[in-house]
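Contents: one structure, followed by commentary.
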Amino acid sequence: MVVCSAPGKLILFGEHAVVFGEPALSMAVNLRIRTEAEVSSKFSVNDQDLQKQKHSYVYECIENVWKGEPLSLRIDSGIPSAAGMGSSAAVTVSTLGALLRLKGEFDPVLIAKKGFEIEYEVQGSASPIDTTTTTHGSGILVAREARNNLLWVIRKDGKEWYLHECDLPEMKLVVGDTGIRSRTGPLVAKVRSYVEESSFARDVVSEIGQITLQAVEALSDGDFVSVGALMIRNHNLLSVLGVGHPKLDNLVRVASDLSYGAKTTGAGGGGSMIALTDDPLEVAKVIRENGGKAYIVKYEKRGVIVEC
Ligand code: MEV
């Protein structure tokens, strides 16, 4: 029997724009998904027969890397699903980790690359930011070209993503989950059609990329006031791209009053927001008072690991 786990993630800047090759910044957080795998008489997930529709990510992991005997898989998730915290990337990466470990081929570069292909396949489109963050852990900067601390390069459909480890300062972050479940694939498709038909939307996407690079500078200077202002700007531009939601806007507004800044994190359309603050307990309280679920999260250095 093998057990692997992988962390959730938060996108700090640049979601959606990163799908078009723009820079983005993310970090792994201290919520994890565990996959336990052992050889069995039939394929199953949490005691149910494996089904392509129901267990889409796990099914694709098996199709892609496992040619052996049937497996019983047990998946234990500490990451809320469809809430912008990377649960689908983490389930994919922890499952790939477990399967590859059983084969004696556990390799983070292979896991990041296969994980991206699987997310792309299941969602219909994706960037490699979520799967790389959960594979490697720590902070991740996606850029258009190689910089210091390059991890790997991922190419697809004429696009190239240069994925780097990025040192992040200590930050107090609160996640506010609206409780409105949103699927990444349809939101990415919606933004894509807008970008294809409108030069205004293309300008918005490129401005989000510039904001990300400014935020990387501000974070390395420890200038949280500028980071907060960039978060608000990034949030507003995501709304312009059509991935906002009134409940998300409300949580961003009330949290901003007690924070350096706040913004949508992940695909939007519901899902979650994040706030950067000196007072996480007060921010968590105001999020709860406004109908959200609050999580005070910590930076996680570890990516996918073999637990036993
Ligand atoms: C979802 O966590 C982030 C998006 O940018 C999609 C992706 O990059 O694959 C919305």
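Read the numbers this way: they start at 1 and go in the same order the structure lists the ligands and their atoms.
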So does Asp167 have more than 12 non-hydrogen atoms from other groups sitting under 6.0 Å from CG?
no
Before you tell me yes or no, could you show the steps for Glu22 and Arg144 under side-chain contact (heavy atoms from CB on, under 4.5 Å), namely the whole-Å CA-CA distance, both residues' side-chain angles and the distance that decides it to 0.1 Å?
CA-CA 7 Å; Glu22 290 292 336; Arg144 284 190 178 280; 2.9 Å; yes
Do NZ/NE/NH1/NH2 and the carboxylate oxygens of Lys9 and Glu300 come within less than 4.0 Å?
no
Ion pair present between Arg147 and Glu145, side-chain N to carboxylate O less than 4.0 angstrom?
yes
Could you tell me whether Glu117 and Lys113 have a side-chain N and a carboxylate O separated by less than 4.0 Å?
no
Under a 4.0 Å heavy-atom cut-off, what residues line ligand 1?
Lys9, Ile11, Glu15, His16, Val18, Val19, Ala126, Ser127, Ile129, Asp130, Thr184, Val188, Gly266, Ala267
Atom of Ser125, atom of Val19 and distance for their closest heavy-atom approach:
OG-CG1, 3.9 Å
